[in-house]
*Asks:* 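Please find one structure pasted underneath; my questions will follow.
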Amino acid sequence: MEFSQYDVNKLMYITNRPPIVFVEGDGMWLTDNNGKRYLDYLQGWAVNCLGHSPQCIHDALVSQSKKLINPSPAFYNEPSIELAKLLTDNSSFDRVFFANSGAEANEGAFKLARKWGKINKNAAGENRYEIITFDHSFHGRTIAAMSASGKAGWDTIFAPQVPGFSKAILNDIASVEKLITDKTVAVMLEPVQGEGGVIPATREFMQALRALTKKHNILLIIDEVQTGMGRCGTLFAYQLSGIEPDIMTLGKGIGGGVPLAALLAKEEIAVFEAGDQGGTYNGNPVMTAVGSAVAKTLLAPGFLQSVQEKGDYLSKELIKLSDKHGLAGERGEGLLRALKLGRDIGPQIVEIARDLAPVGLLLNSPRPDLLRFMPSLNVTKKELDQMLSMLSDVLDKIGR
């Protein structure tokens with residue numbers, strides 16, 4: 001079917017999209033309306049942790065949809081209980097609330113922290129509600145999540161912002177400490193700032209931050225919407241630093257492509273009362289059945305080790321590519337990596353790579369001088385090598 005036959009103007013404009021319609025996906029590959037195939041290194045922005053249309057998700061969807069789709073959140077259902085147990089058994093948390101998106105999970109984290117701060121007041125008997133976040137951070141597109149984010153320009157798009165969020169500098173513990181007031185209730189960060197340019201928080205900074213928050217009796221919230229569910233080589237990225245946060249949020253990979261997210265907290269922090277939190281679709285059996293299928297796959301013997309090995313391999317090969325083309329190096333954790341271009345050619349690379357024939361390559365440039373790689377966690381070495389070869393060819397073209 002030709003692109004002109006699709007009435008795309010019926011969709012609300014939110015971003016510039018190329019004139020192609022994807023109709024099928026399999027693993028690391030997408031196929032468009034003309035039958036052209038693309039090697040996909042976006043994977044829905046790190047959503048498809050097992051690639052496009054994996055068998056385990058298909059089976060979970062079919063099986064659970066025949067049993068029960070949504071009894072309402074007013075009742076328990078088996079898949080949500082199973083997934084909550086899988087998450088708590090393999091983390092430092094005790095309680096789980098399921099949501100539909102990372103932004104919604106982060107909204108829940110803001111609410112939970114402020115509720116805890118209302119119960120655990122400051123020395124003057126006042127509620128604590130301020131949350132310290134970081135420059136260049138990204139926590140979602142709701143009004144509160146945008147206010148918490150440190151993305152340039154977001155403080156004016158939908159002004160006024162939600163008050164109570166101050167911005168520190170990642171990997172600078174002094175910048176955090178100077179923002180702490182008697183109204184501070186929490187510090188929130190991404191273990192790797194994905195949208196900000198794949199900038200990891202150092203192990204030392206994470207440990208110092210945990211010590212600082214404990215010293216001041218404030219909460220540590222970890223936004224693992226992008227880094228969680230195996231993306232960084234451990235089930236959760238906070239585990240790389242040997243710390244235990246108070247609250248964690250998940251999204252993207254937890255559903256492997258379906259809308260699912262989670263808010264996790266330690267028992268003593270889980271202070272919501274009836275009516276404080278909810279959602280019509282939250283924790284529904286179909287989505288949480290998929291989440292369980294994804295989690296079991298990631299927890300299978302050897303799977304996370306393979307993510308670490310492929311992340312190391314991709315890192316080394318990107319360094320070789322950088323050296324070959326005179327670029328600025330690479331950074332990241334596991335299979336969330338960035339190639340530093342040294343100049344603003346990212347959007348040009350994305351467009352040329354997509355238009356390659358007979359096979360296209362889908363890449364992401366969150367900043368003009370950077371490429372971000374978010375393959376499926378079961379990507380093969382052959383697919384990594386194919387991407388690197390195609391990207392090298394594109395860089396040759398630009399170099400000329």
Side-chain angles (χ1 to χ4, degrees), residues 84 86-99 102-117 119-120 128-134 137-140 145 148-149 165 168 170-171 173 176-177 179-180 184-194 199-254 261-272 277 295 333-334 336:
L86 280 169
L87 294 173
T88 54
D89 283 353
N90 290 280
S91 73
S92 59
F93 302 99
D94 305 299
R95 298 277 185 164
V96 184
F97 170 79
F98 291 113
E104 188 181 345
N106 284 336
E107 288 278 337
F110 306 148
K111 290 169 64 177
L112 184 59
R114 287 186 170 188
K115 181 70 181 240
W116 185 86
I119 295 169
N120 296 272
R128 295 189 288 158
Y129 60 89
E130 295 175 351
I131 299 174
I132 299 170
T133 57
F134 291 84
S137 62
F138 182 91
H139 298 293
S149 298
F165 296 100
L170 189 68
N171 293 323
I173 197 67
V176 180
E177 189 159 20
L179 291 176
I180 295 174
T184 302
V185 71
V187 178
M188 181 178 189
L189 82 161
E190 306 155 274
V192 181
Q193 290 186 339
I199 305 170
T202 66
R203 310 288 195 269
E204 296 77 14
F205 179 73
M206 294 286 281
Q207 291 163 6
L209 192 59
R210 177 69 284 193
L212 181 66
T213 52
K214 284 186 175 180
K215 174 184 174 182
H216 291 275
N217 190 30
I218 57 181
L219 303 179
L220 179 58
I221 306 172
I222 303 295
D223 175 347
E224 296 233 23
V225 171
Q226 188 162 147
T227 59
M229 302 308 292
R231 176 59 54 183
C232 294
T234 50
L235 192 60
F236 308 114
Y238 79 81
Q239 294 167 330
L240 293 167
S241 299
I243 64 166
E244 291 190 0
D246 300 296
I247 296 172
M248 177 175 71
T249 57
L250 298 173
K252 295 186 183 290
I254 189 176
L263 164 64
L264 295 88
K266 288 184 173 292
E267 180 69 33
E268 63 272 20
I269 310 301
V271 294
F272 280 146
Q277 186 68 319
E333 295 277 9
L336 176 58

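Remember, predicted model here, so these are calculated numbers, not experimental data. When reading the values below, keep in mind they use all heavy atoms of this one structure, side chains included, and skip hydrogens, waters and symmetry mates.
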*Asks:* Can you name the nearest heavy-atom pair linking Ser149 to Ser137, along with the distance?
*Replies:* CB-O, 3.4 Å

*Asks:* Main chain of Gly334, side chain of Arg231: is a donor-acceptor contact present, judged purely on distance under 3.5 Å?
*Replies:* no

*Asks:* Would you check if the side chain of Glu224 reaches a backbone N or O of Ala237 as a donor-acceptor pair within less than 3.5 Å?
*Replies:* yes

*Asks:* Return the CD to CG distance between Glu130 and Leu179, rounded to the nearest 0.5 Å.
*Replies:* 9.5 Å

*Asks:* With heavy-atom distances below 4.5 Å as the criterion, would you say the side chains of Val187 and Ile218 are in contact?
*Replies:* yes

*Asks:* Taking all non-hydrogen atoms of both residues into account, name the closest pair between Asn171 and Ala201 and its distance.
*Replies:* OD1-CA, 3.3 Å

*Asks:* Answer yes or no: is there a side-chain heavy-atom contact under 4.5 Å between Glu333 and Thr227?
*Replies:* no

*Asks:* Can you give me the closest heavy-atom contact between Leu86 and Ala295, atom names plus distance?
*Replies:* CD1-CB, 4.1 Å

*Asks:* Side chains of Asp223 and Phe138: closer than 4.5 Å at any heavy-atom pair?
*Replies:* no

*Asks:* With heavy-atom distances below 4.5 Å as the criterion, would you say the side chains of Phe236 and Leu264 are in contact?
*Replies:* no

*Asks:* What heavy-atom pair brings Val271 and Glu268 nearest, and what distance separates the two atoms?
*Replies:* CG1-O, 3.8 Å

*Asks:* Would you call His216 and Thr184 a side-chain contact if the rule is heavy atoms closer than 4.5 Å?
*Replies:* no

*Asks:* When you measure from the side chain of Thr249 to the backbone of Asn106, do you find a donor-acceptor pair of N or O atoms at a distance under 3.5 Å?
*Replies:* no

*Asks:* May I ask you to check whether over 12 heavy atoms, not counting those of Phe272, lie within 6.0 Å of atom CZ?
*Replies:* yes

*Asks:* Hey, could you give me the CG/CD distance between Leu212 and Glu177, rounded to the nearest 0.5 Å?
*Replies:* 5.0 Å

*Asks:* Heavy atoms, side chains only, cut-off 4.5 Å: are Phe165 and Met188 in contact?
*Replies:* no

*Asks:* Indicate the atoms forming the closest heavy-atom contact of Ile173 with Phe205, along with that distance.
*Replies:* N-CE1, 3.6 Å

*Asks:* Between Leu263 and Val96, is the side-chain contact (heavy atoms from CB on, under 4.5 Å) condition met? List the steps.
*Replies:* CA-CA 6 Å; Leu263 164 64; Val96 184; over 6 Å; no

*Asks:* Quick one: pull up CD in Glu190 and CZ in Phe134 and give me the separation to the nearest 0.5 Å.
*Replies:* 10.0 Å

*Asks:* Could you pull out all residues at least two apart from Glu204 that satisfy salt bridge (Lys or Arg N to Asp or Glu O under 4.0 Å)?
*Replies:* none

*Asks:* As an exercise, state the distance from CZ of Phe93 to CG of Asp246, rounded to the nearest 0.5 Å.
*Replies:* 7.5 Å

*Asks:* Give, for atom CG of Leu112 and atom CD1 of Ile247, the distance between the pair rounded to the nearest 0.5 Å.
*Replies:* 4.0 Å

*Asks:* For Ala186, enumerate each residue passing the side chain to side chain contact (heavy atoms under 4.5 Å, CB included) test, keeping only those at least two apart in sequence or located in another chain.
*Replies:* Ala113, Ile131, Leu219, Ile221

*Asks:* Would a 4.5 Å heavy-atom cut-off, applied to side chains only, mark Ile243 and Leu220 as touching?
*Replies:* yes

*Asks:* Any side-chain heavy atom of Val192 sitting closer than 4.5 Å to one from Cys232?
*Replies:* yes

*Asks:* Could you tell me the separation between the CH2 atom of Trp116 and the CZ atom of Arg128, rounded to the nearest 0.5 Å?
*Replies:* 4.5 Å

*Asks:* Nearest heavy-atom pair of Ile222 and Pro191: which atoms, and what distance?
*Replies:* CG2-CG, 3.5 Å

*Asks:* Between the main-chain N or O of Ser241 and the side-chain N or O of Gln207, is there a donor-acceptor pair closer than 3.5 Å?
*Replies:* yes

*Asks:* Under the side chain to side chain donor-acceptor pair (under 3.5 Å) rule, what pairs show up with a residue in residues 90-99, not counting sequence neighbours?
*Replies:* Ser92-Tyr238, Arg95-Glu267

